[in-house]
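Below is one structure, written out as C-alpha coordinates, with a few remarks after it.
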Amino acid sequence: MLFIGICDSDTAVRAAIGDFARRYKEEIGINVQILAYNSGEKLLRHYLFELDLVFLEIPFAKMTGIEIARQIRAVDQNVAIVFLTSVLSHVFEAYDVRANNYLLKPLKYTRFLKEVEAARAKRGQNRFFIESNDSGMYKIYTKTLRYIETDGRNTKIYTENEGIISYKPMKTHQQTLYEPHFIRCHTGFIVNLLFFEKMEGNDIILTTGERIPVSRQRKKEVITQIMNLPLRGG
(Lines give C-alpha, C1' and ligand atoms only; values in the text may rest on other atoms or scores of the structure.)
Protein backbone atom coordinates (compact mmCIF):
# COMPACT_ATOMS: atom_id res chain seq x y z
CA MET A 1 0.00 0.00 0.00
CA LEU A 2 1.24 3.47 -0.93
CA PHE A 3 -0.05 6.59 0.83
CA ILE A 4 -0.19 9.76 -1.26
CA GLY A 5 -1.34 13.15 -0.06
CA ILE A 6 -2.71 15.84 -2.37
CA CYS A 7 -3.06 19.34 -0.94
CA ASP A 8 -4.61 21.67 -3.51
CA SER A 9 -7.44 24.18 -3.40
CA ASP A 10 -8.65 23.13 -6.86
CA THR A 11 -11.25 20.35 -6.71
CA ALA A 12 -10.42 19.30 -10.29
CA VAL A 13 -6.74 18.77 -9.42
CA ARG A 14 -7.62 16.60 -6.42
CA ALA A 15 -10.06 14.59 -8.54
CA ALA A 16 -7.49 14.12 -11.33
CA ILE A 17 -4.91 12.68 -8.92
CA GLY A 18 -7.56 10.35 -7.54
CA ASP A 19 -8.19 9.15 -11.11
CA PHE A 20 -4.43 8.71 -11.65
CA ALA A 21 -4.24 6.55 -8.51
CA ARG A 22 -7.03 4.28 -9.75
CA ARG A 23 -5.31 3.95 -13.14
CA TYR A 24 -2.01 3.20 -11.41
CA LYS A 25 -3.61 0.39 -9.40
CA GLU A 26 -5.10 -1.12 -12.58
CA GLU A 27 -1.82 -0.95 -14.49
CA ILE A 28 0.73 -1.73 -11.76
CA GLY A 29 -1.37 -3.69 -9.26
CA ILE A 30 -0.33 -1.60 -6.24
CA ASN A 31 -3.00 -0.22 -3.93
CA VAL A 32 -2.79 3.55 -3.47
CA GLN A 33 -4.55 5.42 -0.67
CA ILE A 34 -5.18 9.06 -1.60
CA LEU A 35 -5.57 11.58 1.23
CA ALA A 36 -6.95 14.84 -0.22
CA TYR A 37 -6.90 18.24 1.49
CA ASN A 38 -8.10 21.62 0.24
CA SER A 39 -5.88 23.64 2.58
CA GLY A 40 -2.46 23.43 4.18
CA GLU A 41 -3.95 23.83 7.64
CA LYS A 42 -6.01 20.66 7.20
CA LEU A 43 -3.00 18.73 5.89
CA LEU A 44 -0.85 19.73 8.86
CA ARG A 45 -3.66 19.14 11.38
CA HIS A 46 -4.29 15.60 10.11
CA TYR A 47 -0.78 14.77 8.90
CA LEU A 48 -0.20 11.04 8.44
CA PHE A 49 3.38 9.87 8.99
CA GLU A 50 2.79 6.87 6.71
CA LEU A 51 2.69 9.24 3.72
CA ASP A 52 5.13 8.29 0.98
CA LEU A 53 4.51 11.28 -1.28
CA VAL A 54 2.76 14.67 -1.04
CA PHE A 55 1.66 16.74 -4.03
CA LEU A 56 1.50 20.28 -2.71
CA GLU A 57 0.11 23.45 -4.29
CA ILE A 58 2.30 26.52 -3.74
CA PRO A 59 0.07 29.65 -3.87
CA PHE A 60 -2.37 29.03 -1.01
CA ALA A 61 -4.07 32.16 0.31
CA LYS A 62 -3.39 31.84 4.05
CA MET A 63 -0.25 29.71 4.07
CA THR A 64 2.05 29.14 1.10
CA GLY A 65 3.06 25.68 0.01
CA ILE A 66 6.64 26.55 0.93
CA GLU A 67 5.64 27.25 4.54
CA ILE A 68 3.55 24.07 4.63
CA ALA A 69 6.55 22.10 3.38
CA ARG A 70 8.80 23.67 6.04
CA GLN A 71 6.42 22.51 8.76
CA ILE A 72 6.24 19.03 7.24
CA ARG A 73 10.04 18.82 7.08
CA ALA A 74 10.24 19.78 10.75
CA VAL A 75 8.52 16.51 11.66
CA ASP A 76 9.08 14.25 8.62
CA GLN A 77 12.44 14.13 6.85
CA ASN A 78 11.61 11.22 4.57
CA VAL A 79 8.35 11.96 2.75
CA ALA A 80 8.72 12.98 -0.89
CA ILE A 81 7.32 16.46 -1.62
CA VAL A 82 6.35 17.52 -5.14
CA PHE A 83 5.15 21.07 -5.68
CA LEU A 84 2.36 21.85 -8.15
CA THR A 85 2.15 25.36 -9.51
CA SER A 86 1.07 27.46 -12.47
CA VAL A 87 4.10 29.78 -12.35
CA LEU A 88 7.85 29.31 -12.05
CA SER A 89 8.45 31.83 -9.29
CA HIS A 90 9.27 29.67 -6.25
CA VAL A 91 11.86 27.25 -7.62
CA PHE A 92 14.73 28.23 -5.32
CA GLU A 93 12.51 28.26 -2.24
CA ALA A 94 11.33 24.77 -3.18
CA TYR A 95 14.90 23.50 -3.03
CA ASP A 96 15.34 25.08 0.40
CA VAL A 97 12.73 22.66 1.79
CA ARG A 98 14.28 19.72 -0.12
CA ALA A 99 11.40 19.30 -2.53
CA ASN A 100 11.75 16.30 -4.79
CA ASN A 101 10.32 18.11 -7.78
CA TYR A 102 8.55 21.25 -8.97
CA LEU A 103 5.89 20.65 -11.63
CA LEU A 104 3.71 22.92 -13.69
CA LYS A 105 -0.03 22.35 -13.82
CA PRO A 106 -1.90 20.58 -15.25
CA LEU A 107 -0.24 17.44 -13.92
CA LYS A 108 -0.01 14.66 -16.51
CA TYR A 109 -0.30 10.95 -15.72
CA THR A 110 3.24 10.30 -17.01
CA ARG A 111 4.64 12.77 -14.45
CA PHE A 112 2.45 11.34 -11.69
CA LEU A 113 3.76 7.87 -12.56
CA LYS A 114 7.39 9.01 -12.46
CA GLU A 115 7.02 10.63 -9.04
CA VAL A 116 5.17 7.66 -7.56
CA GLU A 117 7.78 5.21 -8.85
CA ALA A 118 10.56 7.37 -7.40
CA ALA A 119 8.76 7.43 -4.04
CA ARG A 120 8.34 3.64 -4.15
CA ALA A 121 12.04 3.17 -4.84
CA LYS A 122 13.03 5.52 -2.01
CA ARG A 123 10.68 3.81 0.42
CA GLY A 124 12.22 0.44 -0.35
CA GLN A 125 15.85 1.38 0.35
CA ASN A 126 15.80 0.15 3.97
CA ARG A 127 12.55 -1.77 4.00
CA PHE A 128 12.34 -5.23 5.50
CA PHE A 129 9.79 -7.90 6.28
CA ILE A 130 9.68 -10.78 8.74
CA GLU A 131 9.57 -14.34 7.44
CA SER A 132 8.82 -17.34 9.67
CA ASN A 133 9.23 -21.07 9.13
CA ASP A 134 9.89 -24.16 11.24
CA SER A 135 13.54 -23.12 11.64
CA GLY A 136 12.82 -19.72 13.11
CA MET A 137 12.16 -16.08 12.22
CA TYR A 138 14.13 -14.00 9.71
CA LYS A 139 14.41 -10.27 9.15
CA ILE A 140 14.82 -9.84 5.39
CA TYR A 141 15.81 -6.48 3.88
CA THR A 142 14.24 -6.27 0.44
CA LYS A 143 17.41 -4.78 -1.08
CA THR A 144 19.30 -8.01 -0.19
CA LEU A 145 16.69 -10.32 -1.77
CA ARG A 146 17.99 -11.72 -5.08
CA TYR A 147 15.02 -13.81 -6.13
CA ILE A 148 12.21 -16.11 -4.97
CA GLU A 149 11.33 -19.42 -6.57
CA THR A 150 8.67 -22.07 -6.05
CA ASP A 151 9.93 -25.02 -4.05
CA GLY A 152 7.41 -27.86 -4.15
CA ARG A 153 4.36 -26.69 -2.24
CA ASN A 154 6.36 -23.84 -0.69
CA THR A 155 8.54 -21.02 -1.95
CA LYS A 156 12.18 -20.21 -1.26
CA ILE A 157 13.64 -16.75 -0.70
CA TYR A 158 17.26 -16.24 -1.76
CA THR A 159 19.03 -13.33 -0.10
CA GLU A 160 22.67 -12.29 -0.45
CA ASN A 161 23.58 -14.73 2.33
CA GLU A 162 21.16 -17.66 2.39
CA GLY A 163 18.10 -19.47 1.08
CA ILE A 164 15.03 -19.31 3.35
CA ILE A 165 11.99 -21.57 3.02
CA SER A 166 8.68 -19.69 3.01
CA TYR A 167 5.16 -21.07 3.36
CA LYS A 168 3.70 -18.09 1.50
CA PRO A 169 2.54 -18.37 -2.13
CA MET A 170 4.05 -16.31 -4.94
CA LYS A 171 1.02 -14.02 -5.04
CA THR A 172 1.62 -12.96 -1.43
CA HIS A 173 5.30 -12.29 -2.14
CA GLN A 174 4.30 -10.14 -5.13
CA GLN A 175 2.12 -7.99 -2.90
CA THR A 176 4.91 -7.64 -0.34
CA LEU A 177 7.59 -6.72 -2.89
CA TYR A 178 5.99 -3.64 -4.42
CA GLU A 179 9.26 -1.83 -5.28
CA PRO A 180 9.59 -1.23 -9.04
CA HIS A 181 12.75 -3.34 -9.33
CA PHE A 182 10.92 -6.55 -8.36
CA ILE A 183 9.12 -8.41 -11.12
CA ARG A 184 7.49 -11.79 -11.51
CA CYS A 185 9.34 -12.91 -14.62
CA HIS A 186 7.99 -16.45 -14.62
CA THR A 187 5.18 -18.36 -12.87
CA GLY A 188 7.78 -19.81 -10.52
CA PHE A 189 10.12 -16.82 -10.08
CA ILE A 190 10.23 -13.27 -8.74
CA VAL A 191 13.53 -11.52 -9.40
CA ASN A 192 15.18 -8.40 -8.00
CA LEU A 193 16.40 -6.44 -11.03
CA LEU A 194 18.93 -4.58 -8.89
CA PHE A 195 20.97 -7.78 -9.29
CA PHE A 196 20.46 -7.82 -13.08
CA GLU A 197 23.66 -8.25 -15.09
CA LYS A 198 22.45 -9.19 -18.58
CA MET A 199 19.79 -11.07 -20.50
CA GLU A 200 20.59 -14.09 -22.64
CA GLY A 201 17.74 -15.56 -24.65
CA ASN A 202 14.98 -16.29 -22.15
CA ASP A 203 17.21 -16.06 -19.08
CA ILE A 204 18.16 -13.20 -16.78
CA ILE A 205 21.76 -13.49 -15.59
CA LEU A 206 22.30 -12.02 -12.14
CA THR A 207 25.50 -10.39 -10.90
CA THR A 208 26.04 -13.61 -8.92
CA GLY A 209 26.02 -15.66 -12.14
CA GLU A 210 22.66 -17.29 -11.36
CA ARG A 211 20.23 -17.78 -14.26
CA ILE A 212 16.57 -16.90 -13.79
CA PRO A 213 14.10 -18.04 -16.48
CA VAL A 214 11.76 -15.56 -18.17
CA SER A 215 8.53 -16.88 -19.65
CA ARG A 216 7.64 -15.86 -23.20
CA GLN A 217 4.40 -14.24 -22.01
CA ARG A 218 6.26 -11.99 -19.55
CA LYS A 219 9.39 -11.22 -21.57
CA LYS A 220 8.19 -7.91 -23.04
CA GLU A 221 7.17 -6.63 -19.61
CA VAL A 222 10.51 -7.72 -18.13
CA ILE A 223 12.50 -5.94 -20.84
CA THR A 224 10.47 -2.75 -20.34
CA GLN A 225 11.08 -2.85 -16.60
CA ILE A 226 14.82 -3.42 -17.12
CA MET A 227 14.99 -0.45 -19.48
CA ASN A 228 13.25 1.73 -16.89
CA LEU A 229 15.61 0.88 -14.04
CA PRO A 230 16.93 4.05 -12.38
CA LEU A 231 20.59 4.91 -12.81
CA ARG A 232 22.66 3.88 -9.80
CA GLY A 233 25.97 5.46 -8.90
CA GLY A 234 28.95 3.44 -7.81
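If you read the sequence from its start, that first residue is 1, and numbering goes on from there. Note that the structure is predicted; figures quoted are calculated from it, not measured.
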Can you check whether Ala36's main-chain N or O pairs, donor with acceptor, with Lys42's side chain at less than 3.5 Å?
no
Tyr158 and Met170: same hydrophobic cluster, using ILVMFWY side-chain contacts below 4.5 Å?
no
Using the rule given for salt bridge (Lys or Arg N to Asp or Glu O under 4.0 Å), can you reason through Asp8 versus Lys105, listing the C-alpha separation, both sets of side-chain angles and the distance that settles it, and then say yes or no?
CA-CA 11 Å; Asp8 197 292; Lys105 294 180 181 179; 2.8 Å; yes
Considering only heavy atoms from C-beta outward, does the side chain of Val82 approach that of Arg111 to under 4.5 Å?
no
Within the distance-only criterion (no hydrogens, no angle test), does the side chain of Asn228 pair as donor or acceptor with the backbone N or O of Thr224 below 3.5 angstrom?
yes
I would like to know whether Glu149 and Ile212 meet side-chain contact (heavy atoms from CB on, under 4.5 Å); could you show each step before the answer?
CA-CA 9 Å; Glu149 68 173 341; Ile212 309 297; over 6 Å; no
Taking C-beta and beyond as the side chain, do Val79 and Tyr47 meet within less than 4.5 Å on heavy atoms?
yes
Is the ring centre of Phe195 less than 6.0 Å from the ring centre of Tyr147?
no
Would you sort out whether Glu41 and Arg45 count as a salt bridge (Lys or Arg N to Asp or Glu O under 4.0 Å), showing the intermediate values?
CA-CA 6 Å; Glu41 291 83 359; Arg45 192 180 311 125; over 6 Å; no
Within a radius of less than 6.0 Å around NZ of Lys168, do more than 12 heavy atoms belonging to other residues, nucleotides or ligands occur?
yes
Distance-minimising heavy-atom pair for Arg73 and Asn78:
NH1-N, 4.2 Å
Is Gln225 reaching over with its side chain to a backbone N or O of Pro180, donor-acceptor style, under 3.5 angstrom?
yes
Checking Tyr24 against Glu117: is there a side-chain donor and acceptor pair closer than 3.5 Å?
yes
Between Asn154 and Tyr167 (side chain of the first, backbone of the second, donor and acceptor by atom type, cut-off under 3.5 Å), is there such a pair?
no
Treating Arg14 as the side-chain partner and Ile6 as the backbone partner, does any N or O pair qualify as donor plus acceptor under 3.5 Å?
no
Classify the ring geometry of Phe112 against Phe20: parallel below 30°, tilted from 30° to 60°, perpendicular beyond 60°.
tilted
Are any side-chain N or O atoms of Asp151 and backbone N or O atoms of Lys156, one a donor and one an acceptor, separated by less than 3.5 Å?
no
Output yes when a side-chain donor or acceptor of Glu200 lies under 3.5 Å from a complementary backbone atom of Ile205, and no otherwise.
no
